[in-house]
Amino acid sequence: MIRTGVGKDPLLRRPFSIHQTTSQGQIQIYFKVVGRGTEILAHVKKGENLSVFGPLGRGFRIAESAPACLVGGGLGIAPMLFLAKKISQIKKDCSQDLIILGGRTRSEVEPLMKDFEQLDIRIATATDDGSYGQRGFVTDVFTGHSLPVDCSVYCCGPEPMMAKISALSKERHFPCQVSVESVMACGMGACLGCSKPTKSGAYAHVCLDGPVFDAEDMVWNL
Ligand SMILES: Cc1cc2nc3c(=O)[nH]c(=O)nc-3n(C[C@H](O)[C@H](O)[C@H](O)COP(=O)(O)OP(=O)(O)OC[C@H]3O[C@@H](n4cnc5c(N)ncnc54)[C@H](O)[C@@H]3O)c2cc1C
Ligand code: FES
């Protein structure tokens with residue numbers, strides 16, 4: 001949770017995924033300007049101080065002995081690099097793993113590739129307009145690959161895409177985890193602003209219980 005402005009403008013911190021970290025304690029985020037907070041953040045200068053509260057919540061649980069398929073769409077690519085790096089550190093063999101990245105157009109995917117390409121994991125890309133990688137959606141790439149039967153799926157992106165990957169994973173009996181978005185005010189379980197309904201009927205705090213959940217527990221509001 002990053003305080004993007006000074007004083008009360010904007011009042012609330014904004015949530016971001018960790019894109020990657022360095023051994024010197026640096027954190028990199030990858031973000032898009034959509035409103036006041038991200039606009040201010042985009043103009044932060046080198047050397048300026050920012051108040052950061054975190055890391056928070058629960059991240060992806062890595063199945064160390066299972067082949068992994070990571071699916072990131074649009075800004076959902078942001079947490080996938082951190083996850084892919086962890087997987088390549090933890091797992092002895094990544095030869096059956098696959099990273100699928102997609103966006104609307106080349107500029108949403110290509111600039112991020114060089115960091116992913118340093119890892120020894122296969123990558124497949126797609127863009128809606130066909131300007132980079134396969135033309136189409138990451139869901140098309142997912143269905144087009146014959147993944148190992150014991151594959152674990154890790155997914156982040158727009159809700160319709162996560163709902164589709166979740167359904168496709170279920171068909172193929174793959175365990176699937178999704179990182180979901182929600183409006184967040186406090187980031188620590190106090191305000192209920194981030195709550196999302198789950199299949200059990202209970203509400204989950206995205207900030208505390210998530211943002212990563214088992215896909216089969218989620219109710220998709222499409
Ligand atoms: C767990 C979590 C992780 C996130 N990780 C990232 C990340 O790594 N990179 C990143 O760019 N964003 C990420 N987000 C989304 C990010 O928090 C919002 O984009 C940000 O809070 C918007 O703040 P703002 O002040 O710029 O916009 P606001 O003033 O809060 O909103 C401006 C307008 O943009 C809309 N809006 C808000 N969020 C989004 C969005 N994500 N996409 C499109 N429109 C939006 C609002 O509905 C509103 O209409 C994450 C959110 C969550 C919950
Ligand atoms: S953001 Fe306040 S409870 Fe989750």
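In listed order, ligands and their atoms are each counted from 1. Only a predicted model underlies this, so the values are computations on that prediction, with no experimental measurement involved.
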Problem - Side chains of T125 and I123 in contact at under 4.5 Å (non-hydrogen atoms) - result: yes
Problem - Closer than 4.0 Å: a protein non-hydrogen atom to atom 4 (C) of ligand 1 - result: yes
Exercise for the section: Using a strict cut-off of less than 4.0 Å between a Lys/Arg side-chain nitrogen and an Asp/Glu carboxylate oxygen, indicate whether K91 and D120 qualify as a salt bridge. Expected result: no
Problem - N or O pair under 3.5 Å between M184 and ligand 1 - result: no
Completion exercise
atom 36 (N) of ligand 1: of V34, L12, L56, the nearest heavy atom sits on V34
Handout entry: Side chain T127, main chain Y132, donor-acceptor under 3.5 Å
Key = yes
Exercise for the section: Please write down residue, atom name and distance for the protein heavy atom closest to atom 41 (N) of ligand 1. Expected result: E181 OE1, 3.3 Å
Handout entry: Given P148, S152, S95, the one that forms side-chain contact (heavy atoms from CB on, under 4.5 Å) with P67
Key = P148
Exercise for the section: Quick one: do M188 and F53 satisfy side chain to side chain contact (heavy atoms under 4.5 Å, CB included)? Show the steps, please. Expected result: CA-CA 10 Å; M188 54 188 187; F53 174 46; 3.8 Å; yes
Exercise for the section: Report yes if some N/O of S182 lies less than 3.5 Å from some N/O of ligand 1; otherwise report no. Expected result: no
Practice task
Check whether any side-chain heavy atom of D214 sits under 4.5 Å from a side-chain heavy atom of Q177, and report yes or no.
Solution key: yes
Handout entry: Flag for T105-S131: side-chain donor and acceptor within less than 3.5 Å
Key = yes
Exercise for the section: Would you please test L75 and Y30 for side chain to side chain contact (heavy atoms under 4.5 Å, CB included) and show each step? Expected result: CA-CA 8 Å; L75 287 169; Y30 162 63; 3.9 Å; yes
Problem - Y30: numbered ligand 1 atoms lying under 4.0 Å from its heavy atoms - result: 7 (C), 8 (O), 9 (N), 10 (C), 11 (O)
Exercise for the section: May I ask you to establish whether R172 and F142 are in a cation-pi arrangement, using a distance under 6.0 Å from NZ or CZ to the six-membered ring centre and at most 45° from the ring axis? Expected result: yes
Handout entry: Evaluation steps, side chain to side chain contact (heavy atoms under 4.5 Å, CB included), between Q20 and K85
Key = CA-CA 8 Å; Q20 60 182 332; K85 284 190 167 187; 2.6 Å; yes
Fill in the blank from the handout: Any protein N, O or S atom under 2.8 Å from atom 2 (Fe) of ligand 2? Found C186 SG, C191 SG
Practice task
State the atoms of ligand 1, each with its element, that fall below the 4.0 Å cut-off from a heavy-atom position in K32.
Solution key: 11 (O)
Handout entry: P211 N/O under 3.5 Å from ligand 1 N/O
Key = no
Exercise for the section: With the side chain counted from C-beta on, respond yes when D209 and T198 share a heavy-atom pair under 4.5 Å apart, and no when they do not. Expected result: no
Handout entry: Closest protein heavy atom to atom 8 (O) of ligand 1, given as residue, atom name and distance to 0.1 Å
Key = S17 N, 3.2 Å
Practice task
Please check if a non-hydrogen protein atom sits closer than 4.0 Å to atom 14 (N) of ligand 1.
Solution key: yes
Practice task
Using a 4.0 Å heavy-atom threshold (strictly under), name the region of P15 that reaches ligand 1: side chain, backbone, both or neither.
Solution key: both
Practice task
Number the atoms of ligand 1 from 1 as they appear, then name those within less than 4.0 Å of a heavy atom of A78, with their elements.
Solution key: 8 (O)
Practice task
Identify whether the distance between the nearest side-chain nitrogen and carboxylate oxygen of E159 and K196 falls below 4.0 Å.
Solution key: yes
Practice task
Kindly state if atom 49 (O) of ligand 1 has a protein heavy atom within a strict 4.0 Å cut-off, that is, under 4.0 Å?
Solution key: no
Handout entry: Protein heavy atom at shortest distance from atom 27 (O) of ligand 1
Key = G35 CA, 3.4 Å
Exercise for the section: Check the pair I99 / R122 against side chain to side chain contact (heavy atoms under 4.5 Å, CB included), numbers first and verdict last. Expected result: CA-CA 6 Å; I99 302 171; R122 274 181 310 149; over 6 Å; no
Practice task
Flag the pair D9 and R36 as a salt bridge only when some basic side-chain nitrogen lies within less than 4.0 angstrom of an acidic carboxylate oxygen.
Solution key: yes
Problem - Per-atom contacts of ligand 1 with T38, taking only distances under 4.0 Å to non-hydrogen atoms - result: 24 (P), 25 (O), 26 (O)
Exercise for the section: Answer with side chain, backbone, both or neither: which part of L75 has a heavy atom less than 4.0 angstrom from an atom of ligand 1? Expected result: side chain
Practice task
List the closest protein heavy-atom neighbour of atom 23 (O) of ligand 1: residue, atom name, distance to the nearest 0.1 Å.
Solution key: R14 NE, 3.1 Å
Exercise for the section: Can you sort out which atoms of ligand 1 are near F31, meaning under 4.0 Å from one of its heavy atoms? Expected result: 9 (N), 10 (C), 11 (O)
Practice task
Please say whether more than 12 non-hydrogen atoms of neighbouring residues, nucleotides or ligands are located less than 6.0 Å from NZ in K199.
Solution key: yes
